[in-house]
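The structure displayed is predicted, hence computed values, not measured ones. Values below: all heavy atoms of this structure, side chains included; hydrogens, waters and symmetry mates excluded. In what follows, chains carry the letters A, B, and so on, assigned in the order in which the sequence lines appear, proteins first and then strands, with residues in each chain numbered from 1.
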Amino acid sequence: MLDTKYDHKKVEEGKYNYWLKKGYFEAKNDDREKFSMVLPPPNVTNKLHLGHAWNVTIQDILSRYKRMDGFDVLWIPGTDHAAIATEAKVVAKLKEEGINKYELGRDGFLKEAWEWKDKYAQNIRSQWAKMGISLDYTRERFTLDEVSTKAVNYAFIKMYNDGLIYKGEKIINWDPEARTALSNEEVIYKDIEGAFYHLKYFIEGTNDYLDVATTRPETLFGDTAVAVNPKDERYNKLIGKNVILPIVNRLIPIIGDMHADMEKGTGVVKITPAHDPNDFEVGNRHNLDRIIIMDETAHMNENALMLKGLDRFTAREKLVELLKEKDLLINIEKITHSVGHSERTGVMVEPYISKQWFVKMEPLAKGVLDNQKTKNKIHFVPKRFEKILNNWMSDCHDWCISRQLWWGIRIPAWYKDDEIKVQETSPGDGWVQDNDVLDTWFSSALWPFSTLGWPDNTDLYKKYYPTDVLVTAYDIIFFWIARMAFQGLEFTGKAPFKTCLSHGLIRDKDGRKMSKSLGNGIDPIDMIDKYGCDALRFFLTTNTALGQDLRFDEEKVKSTWNFINKIWNASRFVLMNTENIKEFDFSNLTFSDKWILTKLNITIKDTRKYMDKYEFNNVGSILYSFIWDDFCDAYIEYSKFNMDNISTKSTLLYVLTNILKLLHPFMPFVTEEIYSKLSIKEEESIMISTYPKENKDNNYIDTLSLMDEIRNFITKSRTIKKDNNIKKDDKYDFICNNEDASNLIKNILKLTIENKIEDTNSYNELVIESKTDILECKLTYYYKISKEDEENKLNEIKKEIEKLENSIQRRKKLLSNAGYIKNAPSNLVEEEKTKLKNEETNLNLLKEKLN
RNA sequence: GGAUUCUUAGCUCAGUUGGUUAGAGCACCUGCCUUACAAGCAGGGGGUCACAGGUUCGAGUCCUGUAGAGUCCACCA
């Protein structure tokens with residue numbers, strides 16, 4: 001028997017380990033149809049936040065649903081080594097201990113990093129366990145493990161040989177803190193206070209100067225030209241002349257280039273090809289020198305002359321002083337502009353020329369775009385997210401994949417003198433391996449198949465690839481989804497997943513993004529402690545339409561807990577009354593039994609429909625109202641009058657069993673707890689029981705509309721009784737043309753024999769009447785009434801008449817509309833006619849009362 | 001500049017290929033400790049669906065425009 005109150009801590013304890021030990025989470029690789037997913041691997045150093053909780057719950061709901069529904073489910077867990085993110089954290093930790101990364105050396109550092117990784121991976125696993133998610137740990141992977149490394153090397157080498165990877169010199173985003181290149185996606189633009197420094201670039205041989213505005217004056221040491229727009233009448237006659245570079249006193253040419261925007265700034269722009277991506281392009285067009293003026297830590301080098309050795313910000317201050325001294329500074333104009341920052345270290349990114357490895361994007365992107373036009377396309381849910389992918393794919397730059405880090409998969413390229421060989425192992429003596437590692441996304445791009453043992457043609461790969469669904473928040477579509485898409489197509493010829501399901505982001509109660517800096521983050525583990533994992537899961541997945549952001553509201557988690565408590569108590573009632581039922585017996589069903597069984601069928605059908613469409617919010621409200629409104633508030637109350645009927649008891653138990661199963665993907669723990677107490681159960685665990693199917697044998701469609709009429713009649717009676725202050729022992733008379741309805745109404749409204757009246761003289765009457773094709777009922781209360789009450793009563797009747805008349809008028813108008821009759825579906829028209837007829841009958845009844 | 005989401009009850013949100021009297025939770029009001037549940041039960045109030053047009057027999061839903069809020073991408077000398 002269940003405790004009197006739902007205690008989530010007690011319920012959740014021990015169950016996860018039980019499932020794990022039983023091997024329920026493991027894919028069996030048998031001949032059943034498969035359903036496979038890979039878990040988006042969290043960064044190994046992360047603590048899981050509410051967004052992860054949401055993400056994994058959606059996946060777990062799918063796994064549990066599919067598993068119960070007869071699929072061989074493979075759900076692969078794993079973690080991402082997160083190259084720069086982890087390295088930055090390990091560096092910071094070492095720094096606290098007074099250890100410098102570079103002094104420690106590559107091998108020593110990696111040892112530290114692996115220890116760090118092992119510790120954090122364990123944290124993540126325990127958080128997954130708290131969430132109750134059914135991962136197949138026997139297939140767990142890490143993006144830096146042997147299997148993944150093998151796949152990455154294979155992919156790199158093949159792409160190099162196919163000309164899809166090349167080494168080239170370009171301007172990249174440089175992180176001077178981590179001393180590495182970054183991809184465009186690792187740069188976060190932030191608005192900061194800055195300034196336009198207006199400098200005097202004197203024209204050679206004159207006393208005239210050009211006003212050149214720049215936000216990074218210290219880069220002037222690397223200037224090799226000044227550009228104006230060739231169409232700009234103010235300056236175009238100067239093209240071909242030289243200007244004197246301030247401080248440096250080097251002559252540089254004035255060139256004409258469309259890059260100079262006449263509308264912007266002063267219309268004159270300094271060109272620093274080694275330190276700006278646009279200038280780099282201009283430099284290529286005009287064959288300009290590239291002068292690098294900083295080192296890898298963003299300190300000025302010898303090209304910065306007297307500023308050598310200063311870091312970039314000090315150098316700027318110093319330079320401004322020098323310019324002022326020499327009267328070369330016109331003014332400083334304060335502006336707010338957006339400047340790139342490293343996503344991981346937070347420092348300002350320095351555009352920097354550097355030799356890096358790149359993935360040639362154009363052919364790969366085309367592959368994805370072409371595939372999206374075929375029937376093998378990736379289906380996005382919601383559909384609109386496909387556009388994000390397509391947009392990104394049709395406008396993407398080559399992908400910088402080399403990182404000057406140690407924590408990652410080392411690039412399989414070997415050098416000897418001027419020779420380069422790309423292969424997995426050293427070609428021999430004297431060959432030195434590339435020092436750089438690969439962008440972490442290069443390995444995660446292969447995740448859906450590298451986890452399955454690709455490039456070997458393993459059994460896992462053969463059966464489970466491509467995967468069925470990939471679930472992520474929409475903000476990661478271009479970081480990851482896009483990259484998996486083109487790598488999947490490139491290497492396996494197939495999109496790596498059939499469906500991409502995107503949920504939104506979690507916001508706080510005021511709609512702000514949850515972030516560390518705002519301090520408004522909520523730890524899912526705290527919520528689990530307070531309300532239980534089941535409440536958190538149900539709240540997360542049923543409170544918003546897919547793809548929409550979710551506002552976190554603790555009150556709602558609380559009310560979800562109440563819902564679970566309601567289920568708990570209903571279950572207590574059922575268990576109390578069905579302890580000795582060992583076999584279902586439906587031979588003697590009452591009217592309300594038939595009704596709830598039919599309702600259950602509808603609920604199962606609708607639930608399946610919305611589960612298959614991933615519309616969990618709809619599943620949530622269907623189950624909520626079926627359980628609370630139909631099962632608890634109505635059926636359980638009705639069943640109390642038939643407790644000597646074995647079929648009613650069977651129905652109670654049967655419906656509860658199905659409710660538990662329908663809820664199980666959402667609330668694995670509490671459903672398992674209650675299921676374990678049922679007197680009839682098909683399996684030892686609800687996890688391996690079968691997902692409900694409609695039961696055609698117990699389907700009684702005609703009970704539905706009659707029950708609706710009965711429930712309406714009951715509500716109407718209660719309202720009127722309350723409004724008129726009818727007492728428990730007031731006399732009544734009741735007639736009804738349907739026996740089932742009559743019994744139910746009498747029981748629920750407590751119309752006892754004792755109060756039935758014979759002699760109606762000297763009483764006032766209060767009549768509640770229903771007269772439709774389905775049900776004709778009349779309940780009359782006899783009571784002493786004051787004059788005032790009498791008037792109130794009349795007024796109410798008048799109000800009701802007015803309401804009915806309006807409604808009748810509206811319906812008549814509608815039904816006299818030829819367009820409606822012609823175009824609307826005929827069942828709707830019929831329904832309107834029936835309603836009209838019923839309303840007219842009721843109107844007449846009321847009018848009679850007035851007379 | 002491009003893309004995209006949102007605006008529905010006091011609050012947070014649903015609302016299916018358009019179907020005619022728009023739903024839920026919380027909050028609010030009234031009455032109940034009725035034997036599963038007072039974290040509950042029974043009943044009730046509350047919305048010209050941001051605004052303006054259009055298409056249609058019919059618009060919260062489709063189209064155009066306006067206003068406001070959010071997000072992403074690009075640019076940012």
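Distance from the side chain of A:Trp561 is smallest for B:rA39 among the nucleotides B:rG40, B:rA39, B:rC57. Listed nucleotides: B:rU5, B:rA77, B:rC37. Nearest to the side chain of A:Arg572: B:rC37. The nucleotide whose nearest atom lies closest to any side-chain atom of A:Cys632 is, among B:rA36, B:rA77, B:rU16, B:rA36. Distance from the side chain of A:Ala260 is smallest to B:rA77 among B:rG15, B:rA36, B:rA77. Closest to the side chain of A:Asn817, from the set B:rC37, B:rU12, B:rC57, is B:rC57.
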query: Passes ring pair (Phe, Tyr, Trp, His ring centres under 6.0 Å), A:Phe563 versus A:Tyr624? Steps please.
result: CA-CA 8 Å; A:Phe563 175 46; A:Tyr624 190 97; 4.6 Å; yes
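Checking B:rU64 for Watson-Crick or G-U wobble geometry (two distances, each under 3.5 Å) identifies B:rA52 as its partner. The partner of B:rG1 is B:rC73, judged by Watson-Crick or G-U wobble contacts that both fall below 3.5 Å. Pairing partner, B:rU17: none, since no Watson-Crick or wobble contact has both distances short of 3.5 Å.
Judged by the 6.0 Å and 45° rule, A:Arg483 forms a cation-pi pair with A:Trp399.
For the C1' atoms, the distance from B:rU56 to B:rC63 is 12 Å, rounded to whole Å. Going from the P atom of B:rG25 to that of B:rU64 covers 36 Å, rounded to whole Å. Rounded to whole Å, the separation between the P atoms of B:rG45 and B:rA22 comes to 14 Å. Here the separation of B:rG58 from B:rG19, taken at their P atoms, is 14 Å to the nearest Å. Taking atom P on both B:rA67 and B:rG44, the two are 44 Å apart, rounded to the nearest angstrom. B:rU17 sits 15 Å from B:rU5 when the P atoms are compared, rounded to a whole Å.
When atom types are taken as modelled, the side chain of A:Ser807 and the backbone of A:Leu804 share no donor-acceptor pair closer than 3.5 angstrom. In this structure, the side chain of A:Ser338 does not engage the main chain of A:Lys190 through any donor-acceptor pair within 3.5 Å.
If you check every strand for non-hydrogen atoms under 4.0 Å, A:Phe478 touches sugar and phosphate atoms only. Within the 4.0 angstrom heavy-atom criterion, no nucleotide atom of any strand lies near A:Ser625. At a threshold of 4.0 angstrom between heavy atoms, the contacts of A:Lys5 include nucleobase atoms, whether or not backbone atoms are also involved. No engagement by A:Glu386 is indicated, since no non-hydrogen atom pair under 4.0 Å with the nucleic acid exists. Across all strands, A:Lys509 comes closer than 4.0 Å to no nucleic acid atom at all (heavy-atom distances). Counting any heavy atom pair closer than 4.0 Å across all strands shown, A:Leu550 reaches no nucleic acid atom.
OP1 and OP2 of B:rA14 both lie 4.0 Å or more from every side-chain N or O belonging to A:Asn543. Taking 4.0 angstrom as the limit, A:Thr215 places a side-chain polar atom (N or O) nearer than this to OP1 or OP2 of B:rA77. Neither OP1 nor OP2 of B:rA36 sits under 4.0 Å from any side-chain N or O of A:Ser571. An OP1 or OP2 oxygen of B:rC41 is reached within less than 4.0 angstrom by a side-chain nitrogen or oxygen of A:Trp628. OP1 or OP2 of B:rG43 sits under 4.0 Å from a side-chain N or O of A:Arg718.
The CG atom of A:Asp261 sits 14 Å away from the P atom of B:rC75 (whole-angstrom rounding). Between the CG atom of A:Leu210 and the C1' atom of B:rA77 there is a distance of 14 Å, given to the nearest Å.
Below the 3.5 angstrom threshold, one finds no donor paired with an acceptor across the side chain of A:Thr544 and the base of B:rC13. Scanning atom types as modelled, no donor and acceptor separated by under 3.5 angstrom connect the side chain of A:Lys822 and the base of B:rC57.
The residue from A:Trp561, A:Trp568, A:Tyr531 that alone fulfils the side chain to side chain donor-acceptor pair (under 3.5 Å) condition with A:His8 is A:Trp561.
We find that A:Glu830 and A:Lys835 are not joined by a salt bridge, their nearest charged nitrogen and carboxylate oxygen being 4.0 Å or further apart.
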